[in-house]
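Following: one structure in structure tokens, then a few remarks.
Letters A, B, ... mirror the listed sequences (proteins, then strands); counts begin at 1.
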2 protein chains.
Amino acid sequence: MTTKEVSPDQDVPPKKASKKNTRSNNSRVAVLHAAERVVQKLGPGRLTIDAVVTESGMSKGGILYHFPSKSALVEGMINHMVEESNRRVAQLVEQLEGEANPTVRALIEVQGGSWVEEQSLSRALMAAAAQDPEHIGKVRDNKRLFVERMQAESQDSDDAILLWLAADCMAINKVLNISCFTDEEEKRLHARLLSLVDKLSAKSRT
Amino acid sequence: MTTKEVSPDQDVPPKKASKKNTRSNNSRVAVLHAAERVVQKLGPGRLTIDAVVTESGMSKGGILYHFPSKSALVEGMINHMVEESNRRVAQLVEQLEGEANPTVRALIEVQGGSWVEEQSLSRALMAAAAQDPEHIGKVRDNKRLFVERMQAESQDSDDAILLWLAADCMAINKVLNISCFTDEEEKRLHARLLSLVDKLSAKSRT
DNA sequence: TTGACTGTACCGTCTGGACGGTTTATAAAA
DNA sequence: TTTTATAAACCGTCCAGACGGTACAGTCAA
């Protein structure tokens with residue numbers, strides 16, 4: 001509602017469909033990564049187009065060619081990161097085939113991994129929350145999806161969800177730089193989470 | 001390091017010690033509440049002094065008298081909300097005297113309560129994260145305090161901490177408007193958290 | 001030729017904050 | 001009690017810089 005029409009559904013603003021390795025898409029992704037770095041370095045409140053220009057080395061015109069407005073840029077960040085996160089989770093779920101509660105396991109694993117610190121969804125989320133609360137809906141929808149999967153995977157789905165929430169909170173704290181745990185504590189808590197999932201799986205198997 | 005010296009330790013900018021009902025302190029608190037409302041209505045990225053001017057009805061000069069910079073305002077919000085949150089938790093802990101794991105219980109109770117939606121620490125936190133990442137240290141310190149209390153209260157302190165994290169995450173999600181739960185689910189999860197604390201207490205008592 | 005840019009110049013708006021002036025509370029002096 | 005002094009509390013305006021965004025002429029590889 002802010003800007004008219006930016007990129008209706010997909011993660012691609014120019015005309016053609018998403019051929020992944022076009023020159024256009026490569027620099028597009030480069031812009032998104034630069035934006036992430038800006039948020040990481042300066043905080044979500046100082047994500048400006050000019051900052052992305054500096055960080056990416058691209059010209060302002062170039063940036064605005066890919067993302068016709070700042071809102072579109074933020075939307076792009078959200079989409080990109082949701083997709084990346086989902087890709088990782090899906091990959092882990094696949095590896096965990098056969099085990100009980102694969103989704104919770106995968107979510108906890110991904111959120112405990114180092115990826116969270118580098119390019120986190122939370123970071124884009126902060127940027128969005130700071131400037132374009134509208135785009136957050138997508139994140140909520142995505143979360144809901146996982147909730148429903150967990151509910152399908154377990155009778156004690158509430159317990160699974162709580163474990164996921166705990167992992168999520170640790171990830172958010174980390175990104176917001178308010179994590180009050182030592183590395184050791186963090187590892188221990190993470191391990192404990194996984195072992196609790198095991199317990200949960202064992203219980204529901206009986 | 002941004003502004004020279006604002007309010008070194010206390011939550012009071014003028015000279016004298018904190019007589020709670022001075023005219024000054026009243027309008028000071030009024031400004032803070034107005035700032036909270038602004039963040040609630042417009043999002044942390046649109047917290048501006050002028051917005052607080054409009055919301056509070058006070059003049060810009062008046063605002064800047066109490067908080068000589070925007071950074072000081074955000075710092076004030078953080079302090080005020082940390083204190084308010086701690087007050088509530090302390091009050092609940094007192095009520096729970098005798099029960100096991102009082103701190104976790106109190107934290108979960110407070111974070112599940114309606115207070116979170118009205119004037120939450122998270123909101124100030126968002127504002128800080130958006131603009132002045134420096135002030136976040138105080139929040140981290142405060143969290144650490146609770147962690148250590150929980151560790152003192154229980155042998156299974158890690159489990160207690162995980163429960164707290166789950167509750168925290170629900171609260172954050174709510175405030176960021178990315179909570180993917182229905183009201184019913186939320187209540188159920190909250191109740192489940194409390195019952196899990198009971199289990200924890202029972203286990204450690206044996 | 002076309003798509004993918006670069007580079008520069010520019011505009012309107014918003015924002016933090018400085019500043020000078022005015023009102024109000026308080027308390028001492030008359 | 002009234003007057004006066006003084007500082008705190010507050011007002012309203014102004015300004016420089018930042019920011020989002022436009023426009024447009026030119027470059028350069030595919």
Please list, for nucleotides 6-13 of chain C, all pairs of protein and nucleotide N/O atoms separated by less than 3.5 Å.
residue : atom : partner : partner atom : Å
C/dT6   : OP2  : A/Ser59 : N            : 3.0
C/dT6   : OP2  : A/Ser59 : OG           : 2.9

Provide, to the nearest angstrom, the distance between the [atom1] atom belonging to [X] and the [atom2] atom belonging to [N].
X: B/Arg46; N: D/dG20; atom1: CZ; atom2: C1'; answer: 13 Å
X: A/Arg28; N: C/dC5; atom1: CZ; atom2: C1'; answer: 15 Å
X: B/Leu42; N: C/dT15; atom1: CG; atom2: P; answer: 10 Å
X: A/Leu64; N: C/dG3; atom1: CG; atom2: P; answer: 19 Å
X: A/Asp50; N: D/dG21; atom1: CG; atom2: C1'; answer: 10 Å
X: B/Ile49; N: C/dA18; atom1: CD1; atom2: C1'; answer: 11 Å

Where the side chain of A/Arg140 meets the backbone of B/Asn177, is there a donor-acceptor pair that is under 3.5 Å apart?
-> yes
With side chains defined as the heavy atoms from C-beta onward, is the minimum distance between A/His33 and A/Arg37 less than 4.5 Å?
->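 Sidechains of A/Arg37 and A/His33: in contact.
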Looking only at side-chain N and O atoms, does B/His66 come under 4.0 Å of OP1 or OP2 in D/dC10?
->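 B/His66 to D/dC10 OP1/OP2: side-chain N or O found under 4.0 Å.
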Below 4.0 angstrom from OP1 or OP2 of C/dA4, is there any side-chain N or O of A/Ser27?
->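 Looking at the OP1 and OP2 atoms of C/dA4, neither is under 4.0 Å from any side-chain N or O of A/Ser27.
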Side chains of A/Gln95 and A/Glu109: donor-acceptor distance under 3.5 Å anywhere?
->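 No, no side-chain donor-acceptor contact under 3.5 Å.
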Report yes or no: do B/Asn101 and B/Glu153 form a side-chain donor-acceptor pair below 3.5 Å?
->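 Not at all, the side chains of B/Asn101 and B/Glu153 share no donor-acceptor pair under 3.5 Å.
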Look at A/Glu83 together with A/Arg87 and state whether they make a salt bridge at an N to O cut-off of under 4.0 Å.
-> no
Residues B/Glu184 and B/Lys187 bridged, charged N to O under 4.0 Å = no
